[in-house]
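In what follows, a structure is listed as structure tokens, so that the remarks can point back to it.
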Amino acid sequence: MRAEFPIFAAHPGLVYLDSAATSQKPQIVIDRMNRYYTEENANVHRGVYELSETATRVFEGSRAYIASALNATIEETIFTRGTTEAINLVAQSLGQLLLQPGDEILLTVAEHHSNIVPWQIVAERHGAKVRFIPLNKDRRLDMQEAARMVNSRTKIMAFAHISNVLGIEHPVHDLIALAKSVGAATLVDGAQGIAHLPVDVRVLDCDFYAFSGHKVFGPTGIGVLYGRKSLLDRMPPYQGGGDMIEKVTLNGSTWNSLPSKFEAGTPNIAGAVGLGAAFEFVKGLDLGKTLAHDRALGQMLVDEIKRSFPKMNLMIEPGPDWIGLVTMAHEFIHPHDLAAICDTDQVCIRAGHHCAQPLMEIFGVPATARVAPFLYNDENDIDRFVAALHKAEKLFA
Ligand code: PLP
């Protein structure tokens, strides 16, 4: 698989273990975007000349391909800048449609800031309250407490498909069922889920599913919001501008049909086309095999840490819900120092709060180090990280 990703030829010896932050890009995605700019570039939905029709065809073709992969319709598949923008869109627009003073939005404590802050902003605007499902001792969601927390005031529930810190799949089916039991709308933050698990929005039966292209082999600056049509139809636009209108007069405007109603301005056409190619790449993968590979590499690291690094604390014990991501905190090496030492050996890992400061506070650490194996990693990459960790321990002892 590594041969499909030109970055490894450009940097011989590179060990990239930061795929939860962003994935590397296969040649087919890079080539597709190059072809778009070289042969097909024009603005979409506007021109009456052939080149613009070509650009519109490849842009909309990409949407259709992604929609079909998600088992969604074209109307329900909205291009955004990424997960963050998709969640902000839902928070602002659905918030305006649904929220009244005293209503509640239920999240979990294990959310990325992108799935906390937009809800805090909108809750303040509408006099609603944001509540958080806590974790059990084993750092999985406390579903009993979740069941106690939902009530007739719960209007929206939003949670990650896979936590970017814990590397585990949340029990999304149970959470969605819980939301339905009180008639609350559901948003799944699929930023991590989309790269590791098959996503069928009809099987999930969520109201919204948000993800970023760059985590799933696509370019940055493009993402997707799946939304249930019956809600999207009723929701007010998120931004105003070109393409999202039906008619504009000096006295007011009316809105375009879905999905254009939520896509104001010239979209990221090349990004959308590149994301379509990324989805074609994913279609050629066996996601079950890929996940087993990532888990095997993660387990190899977990075993080595337990055997040789008693001062390194793992943030979670792997279980069947785990995707192989290893988040850890050392008793005397700051994660930034560890990441810097890794870098001197061409090993890229993530260090910091991972945009999950509330979770860091619960763990009682300012930051952690994170190793995220993916399909282009192998055992040698884990060995190289372990060697860097030995080096760091000697240096800081
Ligand atoms: N949600 C989760 C779980 C994430 O891991 C990330 C990115 O790391 C995001 C949201 C935000 O994604 P983006 O910055 O691409 O919008």
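Heads up: numbering here begins at 1 and tracks the sequence. Counting starts at 1 for both ligands and their atoms, in listed order. Values below: every heavy atom of this structure, side chains too, minus hydrogens, waters and symmetry copies.
- The distance from ligand 1 to the heavy atoms of Ser114 drops below 4.0 Å at these ligand atoms: 10 (C), 11 (C).
- Separation of the Tyr376 and Phe8 ring centroids falls under the 6.0 Å cut-off.
- For ligand 1 and Thr84, the ligand atoms under 4.0 Å from any heavy atom of the residue are 11 (C), 12 (O), 13 (P), 14 (O), 16 (O).
- Protein heavy atom nearest atom 8 (O) of ligand 1, with residue, atom name and distance: Lys215 NZ, 2.4 Å.
- Looking at Asp294 and Lys289, no side-chain N of the basic residue comes within less than 4.0 Å of a carboxylate O on the acidic one, giving no salt bridge.
- Between Phe374 and Phe217, the ring center distance clears the sub-6.0 Å criterion.
- Each of the following atoms of ligand 1 lies closer than 4.0 Å to a heavy atom of Thr83: 10 (C), 12 (O), 16 (O).
- For Asp189, a nitrogen or oxygen atom sits less than 3.5 Å from a nitrogen or oxygen atom of ligand 1, counting backbone and side chain alike.
- Between Ser212 and ligand 1, at least one pair of N/O atoms sits closer than 3.5 Å.
- Salt bridge status for Asp233 with Lys261: absent, with no side-chain N to carboxylate O gap under 4.0 Å.
- One finds no salt bridge joining Glu4 and Lys25 here, because no Lys/Arg side-chain nitrogen approaches an Asp/Glu carboxylate oxygen to under 4.0 Å.
- Using a 4.0 Å cut-off between heavy atoms, Ala160 makes no contact with ligand 1 at all.
- Minimum interatomic distance between Val29 and Gly218 (heavy atoms only, all atoms of both residues): CG1-CA, 4.4 Å.
- Side-chain contact annotation: His45 with Glu60, donor-acceptor N/O pair under 3.5 Å present.
- Under 4.0 Å from ligand 1, not a single heavy atom of Glu85 appears.
- In terms of protein heavy-atom proximity, atom 4 (C) of ligand 1 is nearest to His112 CD2, 3.3 Å.
- Distances from ligand 1 to the non-hydrogen atoms of His214 include at least one value under 4.0 Å.
- A 4.5 Å side-chain heavy-atom check between His353 and Thr368 finds every atom pair outside the cut-off.
- For the pair His354 and ligand 1, no heavy-atom separation below 4.0 Å is found.
- Scanning the protein for heavy atoms near atom 5 (O) of ligand 1, the closest one is Gln192 NE2, 2.7 Å.
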